[in-house]
Amino acid sequence: MSHQMHHPQAPTGVPSHQAARNGLGIAALVLGIIGALSGLIPLLFWLAGTLGLLALIFGLVGRGRAKRGQATNKGMATTGAVVGAIALILSVVGVVITMTAVSDAVDEINKSIGSDSRAKPKDGKGGSSAKTYQGGDTAVYDTGLNVTVSKPVPYTADEIAVGHGEGNKSFKVTVRLSNKGSKDVSGDLIMVEARTGKDGKSTEPIYDGKVGSGFSGSLPPGKTATADYAFDVPAGAKDLDVQVRPGFDHDALHWELRP
């Protein structure tokens, strides 16, 4: 009597010898959740977009495997794809928010450093003036700051002076500040320089015990301060262009002096 061996027929769906390929569905859900959470932070739009796109792709492929019976987590893959799509949407929103914030920041920076934002001198009629001043003239800024540069007078530097060259002449000017505005003026930011000659060659400032220390501290509203500056110029110099910049928030002005 012969016996025939009957092999059980493999059930439809996932083959008994092949494990369910659920990896993409799991990855889609994990990446989608991380991407969506990243999308809640506008600056992480790049991360949300990348993870969201991967989650969407993995989720769709995972759904396809489940339909073909190669995977058993169709719901997880579907959820991963949906969450990935949400992450993509949040990444787009993040791009818009970030670009808007950057644009606003650039505009603010341009306003703060642009020439239109700096205080300008008035022409006495309420308008703006960019003229060159003469010795003794007073420039009035629209902030209420008044700047006066005196006519130059010969100056004899101390023996220990720094900046005086042999054979050159030295001239001293007095810079006077009068704060008629409503805010303090920082004396530490005030710069005074001088040039001479047709080529506008910079002159050496002289430092000794009497000149060169400049302004310091703050000048409150209603107060006045003066400081002496001396410059070393060639013996034949016939002009001295003194530039005063009362801080970065004020335009620099020029006084044409005749030593």
Side-chain angles (χ1 to χ4, degrees), residues 5-120 141-143 181-191 217-218 245-252:
M5 299 289 293
H6 293 280
H7 297 282
Q9 183 178 359
T12 59
V14 179
S16 59
H17 63 277
Q18 181 178 355
R21 301 172 64 186
N22 294 337
L24 287 180
I26 297 173
L29 182 60
V30 173
L31 294 179
I33 293 175
I34 298 175
L37 293 177
S38 301
L40 298 177
I41 304 175
L43 287 177
L44 295 181
F45 65 85
W46 54 273
L47 181 59
T50 301
L51 297 181
L53 179 60
L54 291 175
L56 181 59
I57 294 174
F58 289 172
L60 294 177
V61 175
R63 276 176 52 86
R65 286 183 177 180
K67 288 182 178 180
R68 294 191 300 270
Q70 298 174 338
T72 60
N73 60 345
K74 179 180 178 181
M76 183 179 292
T78 301
T79 303
V82 172
V83 177
I86 294 174
L88 282 174
I89 296 173
L90 291 175
S91 71
V92 173
V93 175
V95 170
V96 174
I97 294 176
T98 301
M99 296 305 295
T100 301
V102 170
S103 178
D104 291 343
V106 171
D107 290 342
E108 289 298 322
I109 293 174
N110 289 336
K111 288 180 182 179
S112 65
I113 65 176
S115 60
D116 291 340
S117 68
R118 294 195 298 263
K120 299 179 180 297
Y141 285 93
D142 52 20
T143 58
S182 58
K183 297 181 180 180
D184 287 0
V185 174
S186 176
D188 298 310
L189 298 178
I190 295 173
M191 299 176 60
S218 296
R245 180 186 292 276
F248 299 108
D249 54 349
H250 286 71
D251 276 353

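Everything quoted here is computed from the prediction, not taken from an experiment. Values reported hereafter were calculated over all heavy atoms of this structure, with side chains retained and with hydrogens, waters and symmetry mates removed.
Checked for salt-bridge contact, Lys120 and Asp251 meet the test: a charged N lies under 4.0 Å from a carboxylate O.
Contact detail for Leu189 and Phe248: the closest heavy-atom pair is CD2-CE1, 4.5 Å. Counting all heavy atoms, side chain and backbone alike, Ala71 lies closest to Ala20 at CA-CB, 4.4 Å. The minimum heavy-atom distance between Ala55 and Gly80, with the atom names listed, is CB-O, 3.8 Å. In terms of heavy-atom proximity, Gly35 sits nearest to Ala48 at O-CB, 3.3 Å. Counting all heavy atoms, side chain and backbone alike, Gly52 lies closest to Ala87 at CA-CB, 3.7 Å. Shown here for Gly62 and Ala77, the closest heavy-atom pair between the two residues is C-CB, 3.8 Å.
Between the CG atom of Asn22 and the CG atom of Asn73 there is a distance of 3.5 Å, given to the nearest 0.5 Å. The CZ atom of Arg21 sits 3.5 Å away from the CZ atom of Arg65 when rounded to the nearest 0.5 Å. To the nearest 0.5 Å, the span separating CZ on Arg68 from CZ on Arg63 amounts to 12.0 Å. Distance check, rounded to the nearest 0.5 Å: CG of Leu90 to CD1 of Ile41 gives 11.5 Å. How far CD1 of Ile86 is from CG of Leu37: 11.0 Å, rounded to the nearest 0.5 Å. How far CG of Asp249 is from OG of Ser186: 9.0 Å, rounded to the nearest 0.5 Å.
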For Leu88 and Val92, what are the C-alpha separation, side-chain angles and deciding distance, and is it a side chain to side chain contact (heavy atoms under 4.5 Å, CB included)? CA-CA 6 Å; Leu88 282 174; Val92 173; 5.8 Å; no
If you apply the rule side chain to side chain contact (heavy atoms under 4.5 Å, CB included), what do you find for Arg245 with Ile190, and how did you get there? CA-CA 6 Å; Arg245 180 186 292 276; Ile190 295 173; over 6 Å; no
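Between the side chain of Ser38 and the backbone N or O of Ile34, at least one donor-acceptor pair lies under 3.5 Å.
The shortest side-chain heavy-atom distance between Trp46 and Ser91 does not fall under the 4.5 Å cut-off. Between Lys183 and Thr143 the shortest side-chain heavy-atom distance does not fall below 4.5 Å.
The side chain to side chain contact (heavy atoms under 4.5 Å, CB included) with Val93 is formed by just one residue from the set Val95, Ile97, Val96; it is Ile97.
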